[in-house]
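Below is one structure, written out as structure tokens; the observations come after it.
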Amino acid sequence: MSVSTKIDFIYLSEPDMVRAGVTDMPACVDAMEEMFALLSRGDYRMAGTNNSSHGSLILFPENSPFPNMPKPTVDRRFMAMPAYLGGNFGTVGVKWYGSNIENRERGLPRSILMFILTDTDTGAPLALMSANLLSAYRTGAIPGVGARHLARQDSRVAGILGPGVMGKTSLSAFIAACPGIDTVKVKGRGRKNLENFLEWVRETYPQVTTIREVETNEELVRGSDVVAYCSSGATGDPSAYPHVERDWISPGTFLAMPALGNFDKGVEGPEVRKVLDYTGLYEAWFDEVPKPTHNSIPVVGMRFMDLVDEGRLTMDDLEDLSDIVAGIAPGRRNDEEIIMLSVGGMPVEDVAWGTVLYRNAIEKGIGVKLNLWDTPVLR
């Protein structure tokens, strides 16, 4: 009996991804929660020696004899982020990440992303997807998973630092987890982004009756129930990263930190629970980059790891969101706890949400079928 060697796959443009449900934040939070339970059980693989690496990044020198070689400017990167995820997903994928902050001058997003989903048996492609929205929503969904388990469920006031894409998706995830949110505070640098954010909130979330622009990080944090630090900026000098001071934080506040951030000595203390989205990711980064690692990887989880390296914290002081989701470790224990979650971003997130969207697209007949070959020339 002959076996067909024909391989077809689908291409999903950004409009196709929208039709497949990429902007359905509650469903994305559900998928990320399911993913975290699999991480806790070990039913996944990423790159690196501990199978938990963020990915593989091309580094460029400051000075090159080759005039066409890219310069290592802010947010200039080319990166491959591969992963396998088991459970009900059972797929392998890789996100290709190209980024240049100068894209904004061309009217383009800073980052332009693609994702390829493949069959775990043959390695054949299942789908090639536009991945900017895929990446934005899966990143924003992690603060939502954190809020489900770590925020007060009666939270009403959200503070968003950075009114860009990540700020919007983080707020969407907060509202999915805490539907009683009716007040949003926002701090941004540019008038255009702020106006766009304000209009988006009004149109998308009519239940938000109060929207306040604030001038300082202190105003943003003080009195907020849930907070997300989502602003972009240059890495290298942690003193210049957006920071949080312990005195600003009210009892019961949940802080999600999916972008660069820092904190004062008061936050180091035991009054603030310190949660990593997945410990293995930070251990991989700690092995991969020079010390102190927070100079290179600007998320607060790497500041936690540096403090462990300096003997000011221990690994027992750090908690893991995957274990909290799996029920191995406790979520919020009372209404007074202050909890800070570091969000690093993992390729298993792309695989999880990409698999859901691929299956939605197949079910709904969305996308363009492409042919790899009917019969391969070389076998």
Side-chain angles (χ1 to χ4, degrees), residues 1-14 16-17 19-22 24 27-28 30-57 78-97 113-135 137-139 141 278 280-281 284 322 325-326 345-379:
M1 178 173 138
S2 63
V3 177
S4 175
T5 59
K6 183 177 181 179
I7 293 177
D8 292 326
F9 61 100
I10 60 170
Y11 167 68
L12 297 171
S13 66
E14 184 166 271
D16 291 333
M17 295 290 280
R19 291 170 60 210
V22 70
D24 184 347
C28 189
D30 289 343
M32 295 303 103
E33 192 168 45
E34 185 176 354
M35 174 212 70
F36 275 118
L38 293 170
L39 293 187
S40 181
R41 294 203 295 267
D43 194 3
Y44 79 97
R45 281 295 185 270
M46 292 184 277
T49 56
N50 74 339
N51 302 301
S52 297
S53 178
H54 185 66
S56 180
L57 175 68
F78 293 99
M79 187 173 197
M81 301 173 63
Y84 161 79
L85 188 61
N88 292 323
F89 300 98
T91 46
V92 175
V94 60
K95 182 169 72 179
W96 177 247
Y97 193 126
L113 313 174
M114 296 297 296
F115 179 72
I116 185 166
L117 187 71
T118 60
D119 181 86
T120 54
D121 184 24
T122 64
L126 299 173
L128 176 64
M129 306 178 184
S130 169
N132 277 52
L133 289 175
L134 169 74
S135 189
Y137 274 79
R138 65 78 154 160
T139 301
Y278 188 59
L281 171 69
S322 72
V325 169
M346 295 176 281
V348 283
E349 298 163 15
D350 300 300
V351 174
W353 194 221
T355 300
V356 171
L357 298 172
Y358 165 71
R359 291 171 180 167
N360 288 349
I362 292 296
E363 182 180 342
K364 297 177 181 179
I366 297 168
V368 177
K369 183 183 286 188
L370 299 176
N371 177 254
L372 189 66
W373 59 56
D374 288 335
T375 302
V377 172
L378 295 176
R379 285 181 285 180

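Since the structure is predicted, the reported quantities are computational estimates derived from the model, not experimental observations.
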[X] [atom1] to [Y] [atom2] distance, which is reported to the nearest 0.5 Å:
X	Y	atom1	atom2	value
Tyr358	Thr91	OH	OG1	10.0 Å
Leu126	Leu128	CG	CG	11.5 Å
Leu134	Thr139	CG	OG1	8.5 Å
Leu117	Phe9	CG	CZ	12.0 Å
Leu12	Leu133	CG	CG	12.0 Å
Leu357	Arg19	CG	CZ	13.0 Å

Residues Ser53, Met46; criterion side chain to side chain contact (heavy atoms under 4.5 Å, CB included); working and verdict: CA-CA 6 Å; Ser53 178; Met46 292 184 277; 5.5 Å; no

Does the side chain of [X] reach to within under 4.5 Å of the side chain of [Y], using non-hydrogen atoms?
X	Y	answer
Trp96	Phe78	yes
Ile10	Ile362	yes
Trp353	Phe115	no
Ile116	Met114	no
Leu85	Leu38	yes
Thr5	Pro376	yes
Leu39	Met35	yes
Pro82	Val92	no

Keeping [X] on the side-chain end and [Y] on the backbone end, is there a donor-acceptor pair under 3.5 Å?
X	Y	value
His54	Leu281	no
Asn50	Gly280	yes
Asn132	Leu113	yes
Asp30	Ala27	no
Asp8	Lys369	no
Asn360	Ala20	yes

Asn51 atom CG, neighbour heavy-atom count above 12 within 6.0 Å: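 Correct, the count exceeds 12.
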
Atom CZ of Arg359 with >12 non-hydrogen neighbours under 6.0 angstrom: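 It does: Arg359 CZ has more than 12 such atoms within range.
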
Step-by-step side chain to side chain contact (heavy atoms under 4.5 Å, CB included) determination, Leu370 to Tyr11: CA-CA 7 Å; Leu370 299 176; Tyr11 167 68; 3.7 Å; yes

Shortest non-hydrogen contact between [X] and [Y], atoms and distance:
X	Y	answer
Tyr84	Val348	O-CG1, 3.8 Å
Pro125	Thr118	CA-CG2, 4.1 Å
Arg45	Gly42	NH1-O, 3.7 Å
Ser322	Ser40	O-CB, 3.5 Å

From CA spacing to verdict: side chain to side chain contact (heavy atoms under 4.5 Å, CB included), Glu349, Tyr278: CA-CA 12 Å; Glu349 298 163 15; Tyr278 188 59; over 6 Å; no

